[in-house]
Q: 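Questions regarding the structure given below will be posed in turn.
First the proteins, then the strands, lettered A, B, ... as listed; each starts at 1.
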Amino acid sequence: MSNKLYVPGTHPDLPPPSNTVGVINWLKSNLFSSPTNTFVTLVCLLFLTQLLPPMFNWLFIDAAYSGNSRQECVAQGSGACWAFISERLNLFVYGFYPIEERWRVNLAFCLLLVTLAAVLWDRIPARKYFLAYACIFPFIATWLLIGGLGLTEVPTSDFGGLMLTLVIGVTGISFSLPLGVLLALGRQSELPIIRVFCISFIEFMRGVPLITLLFVASNMLSYFLPPGTNFDLLLRVLIMVTLFASAYMAEVIRGGLQAIPKGQIEAADSLGLKYWSTMRLIILPQALKISIPGIVNTFIGLYKDTTLVIIIGLMDPLGIGRASLADPAWLGLSIEVYIFVAIFFFLCCFSMSRYSLYLEDKLVTEHKH
Amino acid sequence: MSFTSTSPNVLLRAWNNKETRSVIIQILAIALIMACFAYIIRNAVINLETIGKDINFDFLWQPASYDINQYLIEYNSRSSHFTAFIVGLINTLLIAVAGIVLATIAGFLLGVMRLSDNWLTQKIAYVYIEFVRNVPVLLWILLVHGLIIHSLPRPKDSYQLANTFFLNNRGLHSPTPDFQPWFWGVVGLLTASIVFAWWFKRYANRVQQQTGNIYPVFWINCAVIVIIPSLAYWLLGSPIEWKIPSLQGFNFKGGMVVRPEFIALWLALSMYTAAFIGEIVRAGIMAVNHGQTEAAYALGLNSTRTLKLVVIPQALRVIVPPLTSQYLNLTKNSSLAIAIGYMDIVATIGGISLNQTGREMECMLIVLLTYLTFSLLISSVMNWYNNHIKLVDR
Amino acid sequence: MTITKATKLEQDRQPCIIIKNMHKWYGDFHVLKNINLDVSKGEKIVICGPSGSGKSTMIRCINRLEEHQEGQIIVDHVELTNDLKNIESVRREVGMVFQHFNLFPHLTVLENCTLAPIWVRRIPKAEAEATAMQFLQRVKIPEQANKYPGQLSGGQQQRVAIARSLCMRPNIMLFDEPTSALDPEMIKEVLDTMVELANEGITMLCVTHEMGFAKQVADRVIFMDGGEIIESNTPQEFFDNPQHERTKLFLSQILDH
């Protein structure tokens, strides 16, 4: 390199020496920097070359994308039979919803997207009106999906597929957050009765698997209601899922509340704010911001848990898949069904976790001073 | 009393006083809760009377009349429902312990890979973790089970290893050991080696304190524990007779079989939980301030010593609480066994027993209480551990 | 390799730190430019300059917490390269005190000080503890020996950090802005400790903004800006008669607030 003498203070910025930058150097330092590292790299490459090409072949290259029965798939290639999925796509998306009423599902979905935009994107113009609309969206959606008051009634036992997953997931998520906040506040309450009640509820819900609660909901809930009432199965499941998720949400928010310095409450008290105003204006906004990663994680967990409803007989995409496999033309294709549903869930949940990372980054930069 | 309120209305004054207000609210809360419970219980009693059921647990001692396909204690269809419950309980514990062990090993491996300097290892671990975490565990269980059932051959065409292990769609058939007398000698030597290893570590610590010399305790202990019992085993003429499974007719007889349901559930639960544990391990190690590593290096400690003495003790404090949470999740997720026919608690007492006897309340109560006991046990252990290792602050 | 008396005398006459034509890049960013520095045994050097000038980076290169891409760094006759043995032998002889103390929170003060002597120099525990108590006495906090770092104030923690480095009996001590993270009333206690240390003859390189300390203790003051050494002089000359424009600007900013 240069040993040229410069007057102090005038040394120019020089480029780094060529053997420390560039692709070769990156390869050397990241993959081949030492004997163990080189060995590990070779093992990984071996593993990938054994695993990926056959998988790729089966999934995409040798796969059959259209056809009417398994025989036709097999005739086209030895890969996956996606024809099954494309044949039954409507079932997978709408379940058994009557074909002529499917426009209502589509409309409800579009309205859902608008609500999501209003809630998640903070630079939307006229946000106040959109948020007000978001509050009445649940009622509009319920009316659209179930019917009554001018629309043909569709029994909830006809709900199925991706639509059912979205109904359970969105309802669970929207109601478990406020409920979780109330539980978290109750858990910290100075009133012993409320505190004991909240703690017992939270510990109970977190101590048992969701599947047992769903069994309770499907078998036993009718015992606890006045004789003769018949609660819709889907409604029972929605209530159970919401209560379950709200317990986990309460723990996450409790962590957020604990991270708020006591000085905040003291400052609010000295300003004359009462309990609910303090919570609403000062404590909760901060606690919720801190808890965002945990909250989104709970949402993702809730969304994944919607698959459990297949065990009590509700027809989510997994249920539709397995039911359709009974069709003699399509015997033996369960792997394709599972992979299809897995990819659907992966796309949804991965997007949610990326959104949470984006939110976290945004809030961190807001705090930088 | 207070001087705060000058309102003439007694009720209003009571409401405004902080102490009396809290008492009033609590009385209202208790009243509300009791009213709800009373309502629910009253309904339950009426409904049960109408159907002619009552709450009693006598059914537990009656014959179960069903078979369980995997059991570790004596069980047949004449055993009582209570025995069925115990079998289910043992099956749940078995899958929980096996799952926790495999998930921990795989999870720590994933975490270390995620932090590795090697770009390829890092990316492979990242893709695995992200993909596995974002797919529901039920789907993994069904997928792994489906793959095992579909890709494994019939008993006639089993995959075999050295004509002793046979893998087919009925399970993994392996030999059972029949321990000859000298084997207990080997076991004795193994115990002696372990005791020696424990003693040697204490001895080496003492030597280090007194003279400063450091012995390679880890390698010496490994060598002793592995080599001496193996040597004894070989010298004593391999004192174990193996009962090797053999194909008779359409199935294998002899030896033991690990059922595909167990294998599928074990693999699926472990690989799912390992993804979460990997992230927890990574977060734990990254939570240790880089300045700690720098200070240790500046003092002359090499990277192994730095990890052992400075980084890992601090990382464990961050890792252990969420780790026990994941163990609890794995135990609860094992309840999904019912989807593939593995007979755990939910499938035996909460499934078949419940359907046969119609005793929904009692059976569900047993299942819920069992899981609650697991949770509370694991939580208390974790709380004790947390308090035990808390960093001392002013 | 035995060192003859003649070689040893020769070595003693050489500087204990030699930095020759050293350049460092972070990716494409040229952070240290043509650094040339010789430090004799027992010399005390204060390095000052605006933030981002590379002062901390430079002293961190001396104990290989940072790697340089070009040039040579020779510490105590050992050249710093990728050879792990060399790096470890240099780190044994060079002690460092950090801005944020970096005490090990899970160990007591005494254990913090005895960790490295026991595991690196293989000194018996009793002897290591005696040395540790001796140095804790020197920094005037022997009564805190069994407390944990979380129980101490900032000034006490930094003094423990100094004692911890001294327990390895280094030939060279590096200080990276040791008082910048301290409350004002605690700065004096740490600076007093450092002055005492200086008067005992140890080689010191100190990155700091405390100009009073520089005037009192330094044999040389070095000014760095933009990754280069701009000016290097005795304290009198440096403060009374700065040569370079940038030095004058920096001094006017730092001395007149």
Side-chain angles (χ1 to χ4, degrees), chain A residues 26-27 29-31 33-34 36-37 40-41 43-45 47-48 190-194 197 203-204 206-213 215-216 219-220 222-227 300 303-308 310-311 318 322 332 334-335 337-339 341-343 345-350 352-353, chain B residues 22-23 25-27 29-30 33 39-44 46-48 50-51 116-124 130-131 133-140 142-143 146-147 149-150 328 331-336 338-339 346 350-351 354 360-361 364 367-368 370-376 379:
Chain A
W26 181 89
L27 280 176
S29 58
N30 281 319
L31 295 176
S33 61
S34 73
T36 20
N37 223 354
V40 167
T41 306
V43 167
C44 288
L45 283 174
F47 166 72
L48 287 176
E190 291 170 349
L191 310 175
I193 303 289
I194 308 232
F197 176 72
E203 290 303 316
F204 175 76
R206 293 186 61 207
V208 294
L210 180 57
I211 190 75
T212 51
L213 292 176
F215 278 155
V216 166
N219 291 337
M220 289 166 45
S222 44
Y223 286 143
F224 298 115
L225 297 169
I300 296 178
Y303 198 67
K304 289 189 296 181
D305 282 342
T306 56
T307 49
L308 265 57
I310 177 183
I311 298 188
L318 209 47
R322 291 178 110 193
S334 43
I335 308 288
V337 169
Y338 298 150
I339 294 184
V341 180
I343 293 181
F345 273 100
F346 172 71
L347 289 173
C348 291
C349 297
F350 191 66
M352 284 198 260
S353 67
Chain B
S22 71
V23 170
I25 294 185
Q26 290 188 76
I27 295 181
I30 299 188
I33 294 175
Y39 180 68
I40 290 177
I41 294 180
R42 181 174 157 273
N43 282 331
I46 297 182
N47 283 324
L48 286 175
T50 325
I51 308 181
S116 147
D117 285 332
N118 188 314
W119 181 87
L120 207 51
T121 340
Q122 220 188 56
K123 289 306 163 198
I124 292 180
E130 285 302 316
F131 193 66
R133 276 201 312 179
N134 286 313
V135 173
V137 63
L138 179 60
L139 211 41
W140 284 122
L142 291 172
L143 190 57
L147 280 172
I149 297 288
H150 277 110
L328 195 54
T331 312
K332 287 189 288 177
N333 282 337
S334 70
S335 58
L336 294 173
I338 198 171
V346 173
L354 185 150
E360 292 124 344
M361 297 272 204
M364 273 289 125
V367 171
L368 290 173
T370 317
Y371 278 108
L372 269 178
T373 318
F374 282 153
S375 311
L376 292 176
S379 302

Q: Looking at M361(B), Q122(B), R42(B), which one has more heavy-atom pairs under 4.5 Å with chain A than the rest?
A: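 Going by pairs under 4.5 Å, I would pick M361(B).
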
Q: Among I40(B), L142(B), T370(B), L376(B), who wins on heavy-atom pairs under 4.5 Å with chain A?
A: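 Ranked by heavy-atom pairs under 4.5 Å with chain A, first place is L142(B).
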
Q: Any side-chain heavy atom of N219(A) within less than 4.5 Å of one from L354(B)?
A: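 They are in contact (side-chain heavy atoms under 4.5 Å apart), so the answer is yes.
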
Q: Rounded to the nearest 0.5 Å, what's the gap from CD1 on I149(B) to CD1 on I335(A)? Could you check?
A: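 One gets 10.0 Å once the value is rounded to the nearest 0.5 Å.
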
Q: Taking side chain as C-beta onward, heavy atoms only, is P192(A) less than 4.5 Å from Q26(B)?
A: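 SC-SC contact between P192(A) and Q26(B) confirmed.
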
Q: Just so I understand: if I count every heavy-atom pair under 4.5 Å between each of C349(A), P209(A), A342(A) and chain B, which residue has the most?
A: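 That would be P209(A).
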
Q: Side-chain contact test, heavy atoms from C-beta onward, threshold under 4.5 Å: evaluate it for L31(A) versus N118(B) and give yes or no.
A: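 Side chain of L31(A) against side chain of N118(B), heavy atoms only: contact under 4.5 Å found.
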
Q: With a cut-off of 6.0 Å (strictly less than), are more than 12 heavy atoms of other residues, nucleotides or ligands near CZ of F47(A)?
A: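 No, the 6.0 Å shell around CZ holds no more than 12 heavy atoms from other groups.
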
Q: Closest heavy-atom contact between K304(A) and R133(B)?
A: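 Minimum heavy-atom separation between K304(A) and R133(B): NZ-O, 2.7 Å.
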
Q: Between A339(B) and R322(A), what is the shortest heavy-atom contact and its length?
A: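 Taking every non-hydrogen atom into account, O-NH2, 4.3 Å.
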
Q: Give a yes or no on whether Y371(B) atom OH has more than 12 heavy-atom contacts from other residues, nucleotides or ligands under 6.0 Å away.
A: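 Yes.
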
Q: Measure across T212(A) and M364(B) and return the closest heavy-atom pair with its distance rounded to 0.1 Å.
A: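 Nearest heavy atoms, T212(A) then M364(B): O-SD, 4.0 Å.
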
Q: Which bit of I338(B) comes within less than 4.5 Å of chain A, counting heavy atoms only: side chain, backbone, both or neither?
A: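 I338(B) touches chain A through side-chain heavy atoms alone.
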
Q: Tell me which one of L318(A), D305(A), T306(A) satisfies side chain to side chain contact (heavy atoms under 4.5 Å, CB included) with L138(B).
A: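 So, applying the side chain to side chain contact (heavy atoms under 4.5 Å, CB included) to L138(B) and each of L318(A), D305(A), T306(A), only L318(A) qualifies.
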
Q: So what's closer than 4.5 Å to chain B heavy atoms on I310(A): side chain, backbone, both or neither?
A: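 Side chain only.
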
Q: If you count heavy-atom pairs under 4.5 Å with chain B, which of F346(A), F345(A), Y303(A), F350(A) comes out on top?
A: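 When all of F346(A), F345(A), Y303(A), F350(A) are compared, F346(A) has the most.
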
Q: Go through the atoms of I124(B) and report whether side chain, backbone, both or neither lie under 4.5 Å from a heavy atom of chain A.
A: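 Just its side chain gets close to chain A.
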
Q: If you measure from CG on L308(A) to OG on S335(B), what distance do you get to the nearest 0.5 Å?
A: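 One finds 7.0 Å between CG of L308(A) and OG of S335(B).
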
Q: Does any part of the side chain of S33(A), heavy atoms only, come nearer than 4.5 Å to the side chain of D117(B), both counted from C-beta?
A: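 Of all side-chain heavy-atom pairs linking S33(A) with D117(B), none is under 4.5 Å.
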
Q: Rounded to the nearest 0.5 Å, what separation is found between the CD1 atom of I193(A) and the CD1 atom of I30(B)?
A: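 I193(A) CD1 to I30(B) CD1: 3.5 Å, rounded to 0.5 Å.
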
Q: Between K332(B) (side chain only) and I211(A) (backbone N and O only), is there a donor and an acceptor less than 3.5 Å apart?
A: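 No.
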
Q: What distance separates N37(A) CG from S116(B) OG, expressed to the nearest 0.5 Å?
A: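 Atom-to-atom, N37(A):CG and S116(B):OG are 6.0 Å apart.
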
Q: Less than 4.5 Å apart, side chain to side chain, heavy atoms only: is that true for L368(B) and F204(A)?
A: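 Result yes, sub-4.5 Å side-chain heavy-atom pair found.
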
Q: When rounded to the nearest 0.5 angstrom, what is the spacing between CG in N134(B) and CD1 in I300(A)?
A: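 Separation between the atoms: 6.0 Å.
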
Q: Step by step, would you call V367(B) with F215(A) a side-chain contact (heavy atoms from CB on, under 4.5 Å)?
A: CA-CA 11 Å; V367(B) 171; F215(A) 278 155; over 6 Å; no

Q: So which heavy atom on L48(A) is nearest to which on L120(B), and how close?
A: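 Closest approach of L48(A) to L120(B), heavy atoms only: CD1-CD1, 4.5 Å.
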
